Asker: 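If you scroll down you'll find the structure; I have some questions about it.
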Amino acid sequence: MKRYGVIGYPIGHSLSPWIHGQFLNMAHMNGEYHKIEIAPENFATEISRLLAGDMNGFNVTVPHKQRIIPFLDKLDDNATAIGAVNTVAYQDGKWIGYNTDGIGFVRSLEKSFPDFIGDPNKKVLILGAGGAARGIYAALLSSGIKQLDVANRTKERAVAIASIPIRHEKISKNVLSLDEAETNAGSYDLIIQTTSVGMVPNEQEQLLSLHNLAPKTIVADIVYQPVKTKFYGRPKKRGTDLAGTPYAFVPSAICV
Ligand code: ATR
């Protein structure tokens, strides 16, 4: 019997046990998958206990994707470049960290909008600068996006993302405040909300308003509980939802 789970805080909203249960069935594996709530203030103690236990692997969600790193034995090259981990596996006696958030998002985007990534004129804005944002940022650059801006409450974290060394050719990158992002929302082809703002139980919260959005703009919120966060606003007036976005991270689960 394999033992898996997801760590985060809060974790009550997570659909990961259901999602990974499907994967276990599809892979004909005998396993279990649990939600494990770890508050940031107890992280060192709780994660040390978990790593000393008998789990085979686990996913990492908000707000631990960067905090987990010093506790692991090794990161793969992708997670090292991104500086965040969403998947941890116990392999050959070592805890190895991976990041599949970004590729999961890019696959969802490609599925719904096959020509988007290959178009050099597409301009993308990422809202937030935590672990999830880092993964998505790196994957979008790796897959060919050439204009990629980041807006965050804490500007230094957005600056840190913009300096992740992914490609050496010329990329247009700007760092914005959330106010600037709201004002300039109309100039983007894709806006991705990567913070936990608006997630249950705080569904009334909204990172910023999309009242300046252009009709062509695709909007994606990586929060999937609720499926339609307040961020989207009223769909008829607010551009196009990225179909399948609530499940954008499903592929990220496969590695466990
Ligand atoms: P994760 O690594 O899982 O993405 P995180 O590192 O805690 O989680 O990042 C959460 C993101 O949500 C950050 O961009 C954070 O902004 P700060 O860098 O300023 O902390 C953003 N965030 C969380 N709560 C927020 C709020 N109430 N308003 C604006 N941004 C918020």
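The structure presented is a predicted model; accordingly, all values stated were derived computationally and were not measured. Every number for a ligand or one of its atoms is a count from 1 in the order of the listing.
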Asker: Can you tell whether the side chains of R107 and E110 come within less than 4.0 Å, N to carboxylate O?
Answerer: no
Asker: Under the ring-ring contact (aromatic ring centres under 6.0 Å, His included) criterion, do Y4 and H20 qualify, and how do the steps go?
Answerer: CA-CA 9 Å; Y4 302 114; H20 289 263; 8.0 Å; no
Asker: Which part of E205 is near ligand 1, with near meaning a heavy atom under 4.0 Å away: side chain, backbone, both or neither?
Answerer: neither
Asker: Nearest non-hydrogen contact with atom 27 (N) of ligand 1 belongs to which option: R153, M199, R134?
Answerer: R153
Asker: Of all the atoms in ligand 1, which lie at a distance below 4.0 Å from a heavy atom belonging to A129?
Answerer: 14 (O)
Asker: Take atom CG in N25; do more than 12 heavy atoms of anything else shown fall under 6.0 Å from it?
Answerer: yes
Asker: Classify the contact between L207 and ligand 1 as side chain, backbone, both or neither, using a heavy-atom distance cut-off of under 4.0 Å.
Answerer: side chain
Asker: Can you list the atoms of ligand 1 that are under 4.0 Å from a heavy atom of V197?
Answerer: 24 (N), 25 (C), 26 (C), 27 (N), 28 (N), 31 (C)
Asker: Atoms of ligand 1 less than 4.0 Å from P63 heavy atoms?
Answerer: 3 (O), 7 (O), 8 (O)
Asker: Can you list the ligand 1 atoms lying under 4.0 Å from a non-hydrogen atom of R157?
Answerer: 6 (O), 9 (O), 13 (C), 17 (P), 18 (O), 20 (O)
Asker: Taking atom types as modelled, is there a side-chain donor on N212 or T183 under 3.5 Å from an acceptor on the other?
Answerer: no
Asker: For G131 and ligand 1, does the shortest N/O to N/O distance drop below 3.5 Å?
Answerer: yes
Asker: Can you tell which part of N152 has a heavy atom less than 4.0 Å from ligand 1: side chain, backbone, both or neither?
Answerer: side chain
Asker: What are the atoms of ligand 1, with element, lying closer than 4.0 Å to any heavy atom of K65?
Answerer: 2 (O), 3 (O)
Asker: Give me the one residue out of N86, T194, T87 that meets side chain to side chain donor-acceptor pair (under 3.5 Å) with D101.
Answerer: N86
Asker: To check you understand the geometry: which heavy-atom pair defines the closest contact between K173 and I164, and what is its length?
Answerer: NZ-O, 4.2 Å
Asker: Run the numbers for me: atoms of ligand 1, each under 4.0 Å from some heavy atom of A132, listed by number.
Answerer: 4 (O)
Asker: Please determine, by modelled atom types, if S16 and N59 share a side-chain donor-acceptor pair under 3.5 angstrom.
Answerer: no
Asker: If you count the atoms of ligand 1 from 1 in the order shown, which ones are under 4.0 Å from a heavy atom of Q66?
Answerer: 6 (O)
Asker: Less than 6.0 angstrom separating the ring centers of Y33 and F23, yes or no?
Answerer: no
Asker: Return a yes/no value for T195: is any of its N or O atoms, backbone included, closer than 3.5 angstrom to an N or O of ligand 1?
Answerer: no
Asker: Output yes when the distance from some N or O of ligand 1 to some N or O of H64 is under 3.5 Å, and no in every other case.
Answerer: no
Asker: Any idea which heavy atoms bring R134 and Q66 closest together, and the distance?
Answerer: CD-NE2, 3.7 Å
Asker: For V62, take its heavy atoms, then give the atoms of ligand 1 lying under 4.0 Å from any of them.
Answerer: 3 (O), 8 (O)
Asker: Give me the atom names and distance for the closest heavy-atom approach of L190 to F116.
Answerer: CB-CZ, 3.5 Å
Asker: May I ask you to identify the nearest protein heavy atom to atom 10 (C) of ligand 1, giving residue, atom name and distance to one decimal place in Å?
Answerer: G130 CA, 4.4 Å
Asker: Does T154, backbone or side chain, put an N or O under 3.5 Å from an N or O of ligand 1?
Answerer: yes
Asker: Could you tell me which non-hydrogen atom of L50 sits nearest to which non-hydrogen atom of F58, and how far apart they are?
Answerer: CD2-CE2, 3.4 Å
Asker: Does any N or O atom in G128 lie less than 3.5 angstrom from one in ligand 1, N or O only?
Answerer: no
